[in-house]
Amino acid sequence: MIKISKFVPAWWLRSPHLQTIWGSILRTPPNVKTRRERLELPGNDFLDLEWLDVLFEDPTRPIILILHGLGGNIESHYAKAIMQAIDDCGWYSVFMHYRGCSGDPNRQYFSYHSGYTADVEYVVSVIQARYPHNPLAAVGYSLGGSILLNWLGKTGGKNPLTTAVAISVPFELGKAANRMLSGVSRLYQWHMLRNLRNHMSHKFEKLGNPIDLDNLDELKTFWEFDTFVTAPLHGFKNADDYYEKASCRHQLKNIAKPTLIIHAEDDPFMLPEVIPQGNELTPDIVLELSKTGGHVGFITGNIPGSAEYWLEGRIIDHLLDFFPRYEKISIESNDVNIVPQRLSGSE
């Protein structure tokens, strides 16, 4: 089902570009205490989790898994904000860094991409094993939303989530890459590719070069980067093969858990034609569209300079349809019971 969003942008932030960059530049993240766990993965690799630093003692409280966007981490402007909103409801949360995104390069040549769902599957299995009675939900931003929707589609009704939320999803990767070739969107592409190139250079200084990186600094578009880096590292023939196989739009027809997708028609990372039509959605999906909002923006407010972040409230409102509020957890401890036998190298 497609619904019209109730989001109204701040009158002084109507531009999709202001909506997109405001939070990342001017938002002060809340002071949320988290505890990092280095989770060892099958195949001699790892990823880092950030757990809300409270005792996970109540088996009735839901656990919300949070998935970040391309090149994101716990310091992304939305990360601690949604963890704070979840904590205010008395729920538990855990933020999942993809391989190599927490500050330390991962051990394997490959890391993550928009269609790679094995690590989400593994993290969910770990959460289930530790907390078998707690309900589970997930929230994914941008590329994290794509990974989440791909996983929901692949698993259908055979996953443990009660519900999911995906925000500003690049439903078709090829068209998203094309969008980044024009207008102001080229600045986003430049910024993200600069970070990705730096990350690759740092990683393969220690790991050795599995691919030719001599021309890494000359890769100026997502299509070039995905052709010469993403595709060969992750077993795709080329960028087009990656875009076709890893895009989540074709998985929407298989989703069988209640899922809210929040999307702005003016998202500067995408073309309007990537937005799915109603006949592509299962009865379990609500696609909530707004005319404005930018990319992971959705900022409102009546007073110039005093922003209100509508997105967290909308995510929480959706989760409240499935989980009750609890008394806010006040106990903090250095003895948080999240340490399993698999734990290695915790900070």
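Start at 1 with the first residue, then count along the sequence.
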Any donor-acceptor N/O pair, [X] side chain to [Y] backbone, under 3.5 Å:
| X | Y | value |
| --- | --- | --- |
| D266 | G293 | yes |
| K203 | Y109 | yes |
| Q251 | L152 | no |
| S93 | L52 | no |
| H97 | I74 | yes |
| Y92 | D58 | yes |
| R61 | G90 | yes |
| R27 | S24 | no |
| T163 | A137 | no |
| R314 | F7 | no |

Shortest non-hydrogen contact between [X] and [Y], atoms and distance:
| X | Y | value |
| --- | --- | --- |
| L252 | P276 | CD1-CG, 3.5 Å |
| P160 | K257 | C-NZ, 4.0 Å |
| E312 | A85 | CB-CB, 4.3 Å |
| I299 | A307 | CG2-CB, 3.5 Å |
| D45 | R107 | OD1-N, 2.9 Å |

Side chain to side chain, [X] and [Y], heavy atoms closer than 4.5 Å:
| X | Y | answer |
| --- | --- | --- |
| R38 | D104 | yes |
| N159 | V124 | no |
| L193 | M180 | no |
| Y112 | C101 | yes |
| Q19 | L13 | yes |
| Y242 | T227 | no |
| T259 | T282 | no |
| E218 | F228 | no |

Please report, to 0.1 Å, the donor-acceptor pairs under 3.5 Å made by any side chain of residues 140-148, with sequence neighbours excluded.
from : atom 1 : to   : atom 2 : distance (Å)
S142 : OG     : H295 : NE2    : 2.9
S146 : OG     : S114 : O      : 3.4
S146 : OG     : S114 : OG     : 2.5

**Message:** If the test is side-chain contact (heavy atoms from CB on, under 4.5 Å), which one of H263, E280, E273 qualifies with F171?
**Reply:** H263

**Parallel, tilted or perpendicular: rings of F236 and H113 (30°, 60°)** = perpendicular

**Message:** Between R179 and E172, does any side-chain N to carboxylate O distance fall below 4.0 Å?
**Reply:** no

**Check ion pair K154-E121 (N to O, under 4.0 angstrom)** = no

**Request:** Tell me, with the steps shown, if T34 and F95 meet side chain to side chain contact (heavy atoms under 4.5 Å, CB included).
**Result:** CA-CA 9 Å; T34 63; F95 182 94; over 6 Å; no

To the closest 0.5 Å, what do you measure between [atom1] ([X]) and [atom2] ([Y])?
| X | Y | atom1 | atom2 | answer |
| --- | --- | --- | --- | --- |
| N150 | T155 | CG | OG1 | 10.5 Å |
| L289 | I275 | CG | CD1 | 5.5 Å |
| I285 | K253 | CD1 | NZ | 10.5 Å |
| N178 | T221 | CG | OG1 | 9.5 Å |
| T20 | I25 | OG1 | CD1 | 10.5 Å |
| F222 | Q189 | CZ | CD | 5.5 Å |

**Asked** If we ignore angles and hydrogens, is there a donor and acceptor under 3.5 Å between the side chains of D226 and Y243?
**Response** yes

**Fill in**
The side-chain hydrogen bond (donor to acceptor under 3.5 Å, both in side chains) partner of D87 among K33, K328, K80 is K328

**Hydrophobic cluster (4.5 angstrom, side-chain heavy atoms) - remaining members for V184** = L187

**Item:** Residue that, paired with F298, satisfies ring pair (Phe, Tyr, Trp, His ring centres under 6.0 Å) out of Y78, W310, Y309, W22
**Value:** W310

**Under the salt bridge (Lys or Arg N to Asp or Glu O under 4.0 Å) test, residues paired with K220 that sit two or more places apart** = none

